[in-house]
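Accompanying notes for the structure given below.
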Amino acid sequence: KEEFALDSWPLAVAASEAAVWVLQSQVSQGRCPVWWDYDRDLPTSLSDTVARVLPSTGRVVARVPLRRSCGTITGIAQDERSVWVFEPSYSGLVRIDSQTSEVTGGADFGEGVVELGQGQGGGPPASGGGAVWLHTTDEGGRLLRIDRDTLRVTKTITSVPRRFGSMRYAAGSLWWNDAREGMVLRFDPETGKIVSSVRVAPESSGRERFHSSAIATGADGVWLTVTPAFIDQLVGQAVRRTSASPRRTRSPASFTSSST
């Protein structure tokens with residue numbers, strides 16, 4: 001076990017053999033403005049940053065300021081070429097070169113939703129299948145497949161719930177975690193259709209409600225954490241695994257998809 005101290009609040013992390021990328025923010029110090037114009041850059045002293053950390057020493061060797069964000073980015077993803085961050089407040093994607101630690105592109109995909117504390121807002125990006133995937137909550141909720149080079153939308157999956165969710169790409173499928181309902185939906189990335197849906201959190205009963213709070217892939221499966229919906233019910237926390245080829249499924253809801 002090794003521990004390295006960070007100089008500001010970490011919100012998310014992504015790692016490879018060569019580098020660890022940490023999303024950091026000033027939000028814990030209460031320094032983020034209550035309101036700001038997303039079309040204008042924040043001062044570097046206030047904006048979120050992505051720090052590149054050497055895994056062997058813990059030394060920060062580069063910092064990438066995200067000048068339009070302060071405590072509002074929900075996650076970070078990495079592939080063999082780039083690091084990706086998504087700002088749900090304005091549905092903005094930022095691409096960082098994993099070799100030079102420089103921003104090499106960005107695009108906005110909708111007006112976004114700012115009521116993150118009310119369970120809305122897009123989730124962290126996912127990388128896989130030669131593309132980047134985003135969940136936005138404008139226009140009723142969408143999953144977008146983004147070309148990594150042009151940053152253009154190449155497929156849109158519509159009628160996805162307009163609430164917070166996170167996703168991963170694994171085993172040739174796109175897995176979307178509906179955190180509030182405790183369900184994981186498996187999409188075919190080519191057709192945009194739901195292949196299966198699996199409940200991972202217990203059914204709600206009275207005041208007892210559980211959420212599937214996080215999702216990860218690896219170790220021959222798709223893994224989700226299950227936590228109580230209310231802080232006074234901190235019991236029965238669990239980690240559950242869904243097979244990448246689940247045998248037990250539920251009939252999916254009626255979703256639609258379209259190509260662009």
Side-chain angles (χ1 to χ4, degrees), residues 1-3 10-17 19-23 55 73-80 83-86 88 116 119 121-135 141 143-145 157 160-161 163-189 192-204 208-231 233-253 255:
K1 176 183 177 180
E2 292 184 87
E3 296 183 3
L11 298 180
V13 63
S16 67
E17 294 296 327
V20 177
W21 301 87
V22 181
L23 175 63
I73 294 178
T74 53
I76 186 171
Q78 182 186 26
D79 56 33
E80 68 277 8
V83 177
W84 304 90
V85 293
F86 179 56
L116 298 178
S127 179
V132 178
W133 299 85
L134 300 176
H135 172 226
L143 296 182
L144 307 178
R145 184 174 68 188
I157 302 173
V160 179
R163 54 180 175 263
F164 183 82
S166 53
M167 60 185 162
R168 293 291 184 271
Y169 186 97
S173 296
L174 188 66
W175 304 79
W176 187 72
N177 172 33
D178 186 344
R180 191 182 75 179
E181 297 301 321
M183 299 283 293
V184 60
L185 305 181
R186 182 181 185 179
F187 289 89
D188 183 318
K193 295 181 178 180
I194 295 177
V195 177
S196 60
S197 62
V198 180
R199 173 166 291 282
V200 295
E203 295 276 2
S204 299
E208 292 186 345
R209 294 189 61 189
F210 291 83
H211 293 174
S212 49
S213 52
I215 184 171
T217 57
D220 298 323
V222 178
W223 297 81
L224 297 102
T225 57
V226 177
T227 56
F230 301 102
I231 196 167
Q233 297 174 343
L234 294 180
V235 293
Q237 297 189 12
V239 177
R240 305 187 179 211
R241 182 174 75 89
T242 298
S243 169
S245 299
R247 295 180 181 178
R248 297 182 180 179
T249 62
R250 297 170 61 91
S251 299
F255 280 38

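Nothing here was measured: the structure is a model prediction, and the numbers come from that model.
The two residues Pro124 and Gly75 come nearest to each other via the heavy atoms CB-CA, 3.7 Å. Scanning all heavy atoms of the two residues, the minimum distance from Trp21 to Ala19 falls at NE1-CB, 3.7 Å. Between Pro125 and Ala77, the shortest heavy-atom distance links the atoms O-CB, 3.6 Å. Across Asp188 and Val195, no two heavy atoms sit closer than the pair N-CG2, 3.7 Å. Across all their heavy atoms, Ser166 and Ile215 have their closest contact at OG-CG2, 3.3 Å. Contact record, Pro55 with Glu17: CG-O, 3.8 Å, taken as the closest heavy-atom pair.
Ring geometry for Tyr169 versus Trp133: interplanar angle under 30°, hence parallel rather than tilted (30 to 60°).
With rounding to the nearest 0.5 Å, the separation of CZ in Arg199 from CG in Asp178 is 9.0 Å.
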Please test Leu134 against Trp84 for side-chain contact (heavy atoms from CB on, under 4.5 Å), starting from the C-alpha separation and ending with a verdict.
-> CA-CA 10 Å; Leu134 300 176; Trp84 304 90; over 6 Å; no
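Under the side chain to side chain donor-acceptor pair (under 3.5 Å) rule, Arg186 has a single partner from Ser197, Ser173, Ser196, which is Ser173. When each of Met183, Arg168, Met167 is paired with Trp176, the side chain to side chain contact (heavy atoms under 4.5 Å, CB included) condition holds for Met167 and for no other.
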